[in-house]
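Structure first, then comments.
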Amino acid sequence: GILVQCGPVKVEGDLIATGCDDGNIYLWSLGKRLCIRTVEGHESLVYSLSLQGAMLVSASFDGTLRVWNIFGANTQCLKVLTHGGSVEAVAASADFIVSGSYEPAKMLVWTKHTLRVGKK
């Protein structure tokens with residue numbers, strides 16, 4: 001079976017998102033009590049999710065962050081960011097995305113305007 005690694009993250013209304021060990025993000029309707037969308041893209045487990053406005057950021061053990069637009073009929077990956085190592089934490093704010101890993105031990109701060117590394 002599939003194991004939930006992170007979440008739930010409230011998306012909007014009765015929607016929540018979970019990150020799982022199969023590398024997918026699942027969007028769930030609490031009202032309908034079912035999965036309404038599977039978001040594919042990571043090659044390893046999704047360990048952390050963060051939502052800021054219309055942007056969902058996922059962090060994975062595949063060494064990447066993915067920035068998603070999950071609203072509308074089609075889910076779209078807007079950008080893939082390479083962190084390196086197993087990314088274990090992500091937090092998004094109005095101005096930055098911060099990612100962290102244990103091995104190697106590092107934290108990266110990405111500016112949302114350029115989606116490039118701002119600080120190490």
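The first residue of the sequence shown is numbered 1, and numbering continues consecutively from there.
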Are side-chain heavy atoms of Asp21 and Gln5 found at a separation under 4.5 Å? yes
Same cluster (ILVMFWY, side-chain, under 4.5 Å), Val57 and Leu27: no
Indicate if Met55 and Leu81 have the same hydrophobic cluster label, given that clusters are the connected sets of ILVMFWY residues with side-chain heavy-atom separations under 4.5 angstrom. yes
Does one hydrophobic cluster hold both Met107 and Phe96, with members joined at side-chain heavy-atom distances below 4.5 Å? yes
Looking at every non-hydrogen atom in both residues, tell me the closest pair between Ser86 and Ser101 and how far apart they are. O-CB, 3.2 Å
Locate the shortest heavy-atom distance separating Leu108 from Thr82; write the atom from each residue and the value. CD1-O, 4.5 Å
Leu49 versus Val90: any side-chain heavy-atom pair under 4.5 Å? no
Single-linkage hydrophobic cluster Leu45~Leu65, side-chain heavy atoms < 4.5 angstrom: no
I'd like to check the side chain to side chain contact (heavy atoms under 4.5 Å, CB included) partners of Glu43; sequence neighbours left out, ordered by chain and number. Asp62
Are Ile36 and Leu56 connected in the hydrophobic side-chain network, where two residues link if heavy atoms are under 4.5 Å apart? yes
Non-neighbouring partners of Ser99 that pass side-chain hydrogen bond (donor to acceptor under 3.5 Å, both in side chains), sequence neighbours left out: His83, Trp110
Nearest heavy-atom approach of Thr38 to Cys35 is OG1-SG, 4.1 Å
Does Val39 form a side chain to side chain contact (heavy atoms under 4.5 Å, CB included) with Arg66? I'd like the steps, not just the answer. CA-CA 11 Å; Val39 180; Arg66 293 182 187 261; over 6 Å; no
Suppose we screen for side-chain hydrogen bond (donor to acceptor under 3.5 Å, both in side chains). Which residues come up paired with Thr75, at least two apart in sequence or across chains? Arg37
Hey, could you give me the CD1/CD distance between Ile25 and Glu40, rounded to the nearest 0.5 Å? 10.5 Å
Is there side-chain contact between Val87 and Ser60, with at least one heavy-atom pair below 4.5 Å? no
Pairwise side-chain contact, Lys32 with Leu34, heavy-atom cut-off 4.5 Å (strictly under): yes
Give me each pair satisfying ring pair (Phe, Tyr, Trp, His ring centres under 6.0 Å) with a member in residues 39-75, each pair once, sequence neighbours excluded. Tyr47-Phe61
Please check: side-chain N/O of Thr64 versus main-chain N/O of Val80, any donor-acceptor pairing under 3.5 Å? no
Anything under 3.5 Å between a donor and an acceptor, one on a side chain of residues 9-20, the other on a protein residue two or more places apart or in another chain? List them.
| from | atom 1 | to | atom 2 | distance (Å) |
| --- | --- | --- | --- | --- |
| Lys10 | NZ | Gly13 | O | 2.3 |
| Asp14 | OD2 | Ser29 | OG | 2.9 |
| Asp14 | OD2 | Gly31 | N | 2.7 |
| Thr18 | OG1 | Trp28 | NE1 | 2.9 |

How does the hydrophobic cluster around Leu3 look, that is, which other residues are in it when side-chain heavy atoms under 4.5 Å mark a link? none
